[in-house]
Number of protein chains: 2
Amino acid sequence: MSRPDTPVYLQLRDRLRAWIEAENLSSQHRLPSERELAQRFNTTRVTVRQALAQLEADGRIFRSNRRGWYVTPERLRYDPSRDVGFNQYVTDQGYTPRTETLSKQLIEAPAWLSAVSGLEQGAPVYQILRRRYVDTRAVLVEHNYINPAHCSGLLSENTDASIWALFRDRFGLHPQHRQLEIYSLALKQPEADALGVSHGAAGLYIQRLSHDQQGTFLELDREYWLHDALKIVVNVGEPMAP
Amino acid sequence: MSRPDTPVYLQLRDRLRAWIEAENLSSQHRLPSERELAQRFNTTRVTVRQALAQLEADGRIFRSNRRGWYVTPERLRYDPSRDVGFNQYVTDQGYTPRTETLSKQLIEAPAWLSAVSGLEQGAPVYQILRRRYVDTRAVLVEHNYINPAHCSGLLSENTDASIWALFRDRFGLHPQHRQLEIYSLALKQPEADALGVSHGAAGLYIQRLSHDQQGTFLELDREYWLHDALKIVVNVGEPMAP
DNA sequence: CATAATATGTGGTATATACCAGTTTTGGCT
DNA sequence: AGCCAAAACTGGTATATACCACATATTATG
């Protein structure tokens with residue numbers, strides 16, 4: 001299969017991957033320590049870490065700060081184009097969701113928000129910052145910017161559940177058009193810290209800009225995900241004929 | 001700004017980032033060699049490579065095998081939900097596209113394709129493998145699986161241009177429904193080699209499953225992108241009122 | 001028995017060094 | 001000029017080692 005002169009760290013990567021797939025079915029299982037792996041495979045920690053970095057990039061293992069390496073759980077399937085709440089998604093797929101509202105306040109729209117939303121600069125905007133968990137793992141932080149025009153009093157509501165459920169059931173708001181932006185990046189200071197990973201960890205950025213039936217700005221959502229925590233599934237166009 | 005005990009490789013990362021942003025506007029510019037950076041910043045190559053890996057993860061620089069590190073061009077904006085050709089996208093954004101058809105053949109649908117498309121296993125399917133460039137940089141490889149039912153003779157056409165243009169203009173086919181899947185992964189042997197990067201390099205996977213007005217399978221597209229080469233922009237729902 | 005101090009284990013950061021495998025440049029030759 | 005071999009240069013891989021910061025387990029102490 002592989003040439004005999006395959007680099008040590010790739011051999012190690014493949015052996016670890018096979019070991020993870022064969023022996024160990026459960027997620028969140030802890031790998032042997034780097035030192036132990038180095039000894040067991042008769043190499044050095046530096047080389048072991050090269051192999052681990054490969055598996056991390058592939059989303060098969062993740063690190064918990066100074067505690068060790070763990071097998072990554074299955075990716076969460078996620079459709080950012082539908083207004084179904086995170087909690088429901090996670091529950092439907094057999095996991096336990098958790099949401100923490102880190103802050104919520106009324107702010108004045110900064111220039112960049114004005115540019116993408118069409119709001120006047122300095123106009124009042126609700127800002128909600130939340131952290132979401134799948135089981136015990138923090139997988140994303142979310143920045144919400146909401147037009148208070150049609151949902152005054154939103155900040156008094158419980159924002160640990162679905163904001164879209166509030167929009168629908170309490171304020172009668174329905175998004176008509178959404179623009180999604182998705183790209184990979186390295187997580188920086190605030191988001192990386194909030195997710196308990198180191199600066200520079202691989203992340204996926206999802207931005208969702210929603211307008212209502214009249215074409216007025218409803219909400220801007222900026223989500224910073226761990227890159228290995230999700231698989232985006234979007235349906236576009238009419239559903240198929242039966 | 002940063003504490004005085006910030007690790008060397010992060011200081012170096014930030015200095016390089018600042019240098020890239022300030023001094024150097026042009027993309028594809030080559031960075032000094034690792035050894036020169038190590039000397040200039042009075043550290044070792046290992047530490048320099050940590051800093052470079054951070055900038056690579058952030059998509060600001062990329063490596064060309066044993067030739068050096070280069071400043072990453074702007075990301076291509078890409079909407080996989082529209083049937084507009086790659087060549088047009090790239091041209092519209094001021095770059096020069098190029099497409100190579102690596103192979104095209106009639107194959108029998110394997111089990112996995114049957115599972116997602118609804119075709120019978122073993123049914124004939126066109127398979128087209130292409131590599132696409134933005135300017136001189138190979139940014140993705142694309143695996144197309146096309147239902148020959150409504151477009152026989154497709155393989156005789158020139159597949160270096162848009163397949164969707166062929167569908168539209170020559171066969172009168174229009175996709176009605178699409179399912180997109182997007183997630184990050186590490187590029188493996190065949191795709192990494194085709195893109196001239198090393199195995200394990202960060203990539204973005206985009207899968208597009210298209211059905212026509214009658215709900216019959218049209219095409220499955222599997223795209224493997226360099227993670228830093230694109231920004232996905234998808235519009236969902238009716239356009240805004242004027 | 002609960003709590004605090006301590007020891008141990010873990011990944012995180014860093015230096016110094018060496019050789020390998022390709023790429024690019026150089027320099028000599030025709 | 002054009003060609004080709006040799007040299008220089010680049011990132012890729014690898015060993016050996018050391019210390020740090022934080023997490024957890026262990027032990028001493030009230």
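When reading the values below, keep in mind they use all heavy atoms of this one structure, side chains included, and skip hydrogens, waters and symmetry mates. Predicted model only: the values in this text are computed from it and were never measured. Labels below follow one simple rule: chain letters A, B, ... track the order of the sequence lines, proteins then strands, and each chain is numbered from 1.
- Summarising the geometry, the separation between CD on B:Gln39 and P on C:dT17 is reported as 13 Å, rounded to the nearest angstrom.
- With rounding to whole Å, A:Arg13 atom CZ is found 12 Å from D:dA14 atom P.
- We find that CD of B:Gln11 is positioned 13 Å from C1' of C:dA14, with the value rounded to whole Å.
- Between the CZ atom of B:Arg35 and the C1' atom of C:dC20 there is a distance of 11 Å, given to the nearest Å.
- Set against D:dA14, C:dG11, D:dT24, the side chain of A:Arg67 has D:dT24 as its closest nucleotide.
- Using a 4.0 Å heavy-atom criterion, one finds that B:Thr44 contacts the bases of the nucleic acid, with or without backbone contacts as well.
- Put simply, the side chain of A:Tyr133 does not reach to within 4.5 Å of the side chain of A:Val90, judged on heavy atoms.
- B:Leu31 has its CG atom 19 Å from the P atom of D:dC9, to the nearest Å.
- Note: B:Tyr205 and B:Tyr183 have tilted aromatic rings, judged against thresholds of 30 and 60 degrees for the angle between ring planes.
- When heavy atoms are screened at a 4.0 angstrom cut-off, B:Ser198 is found touching no nucleic acid atom at all.
- Between the base of D:dA23 and the side chain of A:Arg66 there is no donor-acceptor pair shorter than 3.5 Å.
- With respect to A:Glu142 and A:Arg131, no salt bridge is recorded, no charged nitrogen being found less than 4.0 Å from a carboxylate O.
- Checked against D:dT15, C:dG12, D:dT13, the side chain of A:Thr47 finds its nearest nucleotide in D:dT15.
- Between D:dG11, D:dT17, C:dG11, one nucleotide has an atom nearer to the side chain of A:Val46 than all others, and that is D:dT17.
- Using a 4.0 Å heavy-atom criterion, one finds that B:Arg49 contacts the bases of the nucleic acid, with or without backbone contacts as well.
- Rounded to an integer number of Å, the gap from CG of B:Asn65 to P of D:dT10 is 15 Å.
- Remark: A:Arg222 qualifies as a cation-pi partner of A:Trp112 under the 6.0 Å distance and 45° angle criteria applied to the six-membered ring.
- In this structure, the nucleotide among C:dT15, D:dA18, D:dA14 sitting nearest to the side chain of A:Arg45 is D:dA18.
- Between A:Phe41 atom CZ and D:dT15 atom P there is a gap of 13 Å when expressed in whole angstrom units.
- In the set D:dA14, D:dG12, C:dT13, D:dG12 carries the atom at the smallest distance from any side-chain atom of B:Glu34.
- Between B:Tyr78 and B:Trp225, the ring-plane angle classifies as tilted under the 30° and 60° cut-offs.
- Using a cutoff of 4.0 Å between basic side-chain nitrogens and carboxylate oxygens, B:Asp135 and B:Arg98 are not scored as salt-bridged.
- Residue contacts for A:Arg63: at a heavy-atom cut-off of 4.0 Å it reaches the sugar-phosphate backbone alone, with no base atom in range.
- As rounded to whole Å, 14 Å separates atom P of D:dA14 from atom CG of A:Leu52.
- Toward the 5' end of DNA chain D, the nearer of the two residues A:Thr43 and B:Ser33, judged by each one's closest nucleotide, is B:Ser33.
- At the heavy-atom level, B:Ser64 lies nowhere under 4.0 Å from the strands shown.
- The B:Arg30 side chain lies nearest to D:dT10 when the options are D:dT10, D:dT13, C:dT13.
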